[in-house]
Number of protein chains: 2
Amino acid sequence: MTKTDADTPLHLQPYGPGPRAAEKIFETARDLFYREGIRAVGVDEIVSKAGVTKPSLYRSFKSKDDLVAAVLREVEEGFWDRFRSAEDAFPGDPRAQMIAYFEGLAARSVGDDYRGCALSNAAVEYPDRQHVGRMVSQAHKEQLRERLRAKAVEMGASDPKVLGDVLLLLIEGVFTSSQMFDGDDKPAMASVGAVKALIAAYCP
Amino acid sequence: MTKTDADTPLHLQPYGPGPRAAEKIFETARDLFYREGIRAVGVDEIVSKAGVTKPSLYRSFKSKDDLVAAVLREVEEGFWDRFRSAEDAFPGDPRAQMIAYFEGLAARSVGDDYRGCALSNAAVEYPDRQHVGRMVSQAHKEQLRERLRAKAVEMGASDPKVLGDVLLLLIEGVFTSSQMFDGDDKPAMASVGAVKALIAAYCP
DNA sequence: CAAGATCCGTACCGATCGGTTACATTTTCC
DNA sequence: GGAAAATGTAACCGATCGGTACGGATCTTG
């Protein structure tokens, strides 16, 4: 069962084949952090579930926080991939782009394993502005805010800053609320209609 | 500096003067949990900052989780107090009630010490459905959802369930987003206008 | 004041936290 | 095959985690 090195996106393969343990650690940590929370998961649990040992973790990551930062940065990439995917589906139509994003978001939010946005959750777990997990999350949210405001400009909103912030409120609302209700009947389903109504209200 | 027992709302004073240590522990834990997160705060830090000792904590609370549950229940009381306050300000006018609530929420969300809803944060910190902190938070959110849907009925919404869920999305969006941006220019400020537009859109 | 109830602190417990050491073993590539 | 790189083994570290046994201090009440 020797896996090759180029079939999955790896984050650090310095020379030649690159480490296989680092990849398993990274993916295991990403899943555990999302499912159980970052603070709730210890390094021992990570290496145990990854089938590796602790020194392997600290050979690839300087500290647990360093691993946390790496995971959150990949989460951020995944977010922008989905966001751009909605954009690419409707070129030149920012309104349809946002509706498409909310439709995808609402679809993803149903399902018992959904736990909202890992970046928002990390910001909740790390209130300290100096913590790297907090910094990555906060920087991402500021980028998102600007991007949504730019979208509102494209839509010709009368007050694009406000409409952008409203969209952000709605997105974060879906993130947080979706992990607090079981089953398929989640408030997130109402977000698609809400974004349509809001865009209509803010774009004359 | 012997404080009396009736000047502040106490939660357990079995006989006579009641314990003074339990009150300090409770208030200290409430503040620390909110500021730094629940998992980030150990019992040693609580008793240390409260100026008492650890056995005093475990004489009044069966465990840390028991203290967490007690704190979250008081937080829930505080939420409903603010919610009813907005209701009482505009009797018989559910639309004005909700606008008033969002105005108060937006006003509270500015300020560097604001960290959103402690119950929502607790749900993020405790994904395990069996954990008492999670159970208290989730039960509260379900009550809130029903209450908002009932408000939408009062407003004469065409689809009250959807409008109620939209209001919930907006509230949670304010909670989460307000702790991810510094300064006074927060997305929460846009929530008041958004709720007006949404109510108008969903109530013919 | 003394007795008894009530409250509280000192010291300690095993377990786990994030992190490290030195060395043996395996894997990869030429 | 042999050197180099990657991983495993096993033990260990100080600090902190949530939680407790036990005795001393304090307060109310006769």
Side-chain angles (χ1 to χ4, degrees), chain A residues 1-7 10-29 32-33 36-71 125-126 128 131-133, chain B residues 1-6 10-26 28-29 32-33 36-71 125-126 128 131-133:
Chain A
M1 187 87 167
T2 54
K3 290 168 64 180
T4 59
D5 57 341
D7 53 353
L10 193 47
H11 288 78
L12 33 103
Q13 33 189 14
Y15 16 57
R20 263 101 59 234
E23 188 179 0
K24 288 191 285 186
I25 289 169
F26 181 87
E27 294 175 354
T28 304
L32 284 176
F33 287 161
E36 305 180 11
I38 299 176
R39 297 198 107 113
V41 175
V43 290
D44 294 276
E45 186 184 353
I46 294 173
V47 297
S48 168
K49 295 232 168 99
V52 298
T53 55
K54 202 155 27 163
S56 283
L57 194 157
Y58 286 96
R59 273 188 276 257
S60 303
F61 305 94
K62 286 180 300 183
S63 62
K64 183 194 175 182
D65 286 347
D66 193 54
L67 173 58
V68 170
V71 166
E125 286 199 81
Y126 295 104
D128 181 12
H131 194 282
V132 59
Chain B
M1 188 84 168
T2 55
K3 291 169 61 181
T4 59
D5 57 342
L10 192 48
H11 288 79
L12 32 102
Q13 31 187 15
Y15 17 58
R20 265 93 62 219
E23 188 178 0
K24 288 191 285 187
I25 289 169
F26 182 87
T28 304
L32 284 176
F33 287 161
E36 305 179 10
I38 299 176
R39 297 197 106 114
V41 175
V43 290
D44 294 275
E45 186 183 354
I46 295 173
V47 298
S48 168
K49 295 232 169 99
V52 298
T53 56
K54 210 168 355 178
S56 285
L57 193 158
Y58 286 96
R59 264 177 228 117
S60 302
F61 305 94
K62 286 181 298 184
S63 62
K64 182 194 175 183
D65 286 347
D66 193 54
L67 173 58
V68 170
V71 166
E125 286 199 80
Y126 294 104
D128 181 12
H131 194 281
V132 58

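Lettering of chains follows the sequences in order, A, B, ..., and the numbering in each one begins at 1. The structure presented is a predicted model; accordingly, all values stated were derived computationally and were not measured.
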**Study point:** Atom pair CD1 (Ile38(A)) and OH (Tyr126(A)), whose distance is rounded to the nearest 0.5 Å
**Key:** 5.0 Å
Review point. Nearest to the side chain of Tyr58(A), which nucleotide is it out of dC8(C), dA6(D), dT20(C)?
Key: dT20(C)
Review point. What's the CZ-C1' distance between Arg20(A) and dG8(D), to the nearest Å?
Key: 13 Å
Practice item. Return the value, rounded to whole Å, for the distance between atom CZ of Arg39(B) and atom P of dT16(C). Key: 15 Å
Practice item. Provide the full list of salt bridge (Lys or Arg N to Asp or Glu O under 4.0 Å) pairs with a residue in residues 46-71 of chain B, sequence neighbours left out, each pair given once. Key: Asp44(B)-Lys54(B), Glu45(B)-Lys49(B)
Review point. Starting at the 5' end of DNA chain D and moving along, which residue's nearest nucleotide shows up first, Arg59(A) or Lys54(A)?
Key: Arg59(A)
Exercise for review: Calculate the interatomic distance between Leu57(A) atom CG and dT20(C) atom P; express it in whole Å.
Suggested key: 11 Å
Exercise for review: Just report the end-to-end axis angle for the helix from dC1(C)-dG30(D) to dC30(C)-dG1(D), five pairs per end, to 10 degrees.
Suggested key: 10°
Check your understanding: Taking all atoms of both residues into account, what is the closest heavy-atom pair of Val132(B) and Ala69(B), and its distance?
Key -> CG2-CB, 3.5 Å
Review point. Do Ser60(B) and Ile25(B) have side chains that get closer than 4.5 Å, going by heavy atoms?
Key: no
Review point. What nucleotide, of dT27(C), dC27(D), dT9(D), holds the atom closest to the side chain of Thr53(A)?
Key: dT9(D)
**Study point:** Contact check, side chains of Thr53(B) and Val47(B), non-hydrogen atoms, under 4.5 Å
**Key:** no
Review point. Are the side chain of Glu125(A) and the backbone N or O of Arg39(A) linked by a donor-acceptor pair below 3.5 Å?
Key: yes
Point to revise | Nearest non-hydrogen partners of Tyr58(A) and Ser63(A), listed with the distance | key: CE2-CA, 3.9 Å
Practice item. Could you state the atom-to-atom distance from CZ of Phe61(B) to C1' of dC7(C) in whole Å? Key: 15 Å
Exercise for review: Starting from C1' on dA6(D), measure out to NZ on Lys24(A) and report it in whole angstrom.
Suggested key: 12 Å
Practice item. Could you tell me the separation between the CD atom of Glu23(A) and the P atom of dT7(D), rounded to a whole number of Å? Key: 11 Å
Exercise for review: Quick one: label Ser56(B) by what it contacts on the DNA or RNA (base, sugar-phosphate, nothing), any heavy atom closer than 4.0 Å.
Suggested key: sugar-phosphate
Exercise for review: For DNA chain C, determine which residues of residues 40-52 of chain A have any heavy atom closer than 4.0 angstrom to one of its atoms, and list them numerically.
Suggested key: Val41(A), Gly42(A), Val43(A), Asp44(A)
**Study point:** Shortest side-chain distance from Pro55(B), nucleotide among dG8(D), dT21(C), dT20(D)
**Key:** dT20(D)
Review point. How long is the span from the CD atom in Glu23(B) to the OG1 atom in Thr28(B), to the nearest 0.5 Å?
Key: 10.0 Å
**Study point:** Distance-minimising heavy-atom pair for Ile46(B) and Leu32(B)
**Key:** CA-CD1, 4.0 Å
Exercise for review: Quickly work out the Asp66(B) CG to dG18(D) C1' distance and round it to whole Å.
Suggested key: 13 Å
Point to revise | Whole angstrom value for the distance that separates P of dG18(D) from CD1 of Ile38(B) | key: 12 Å
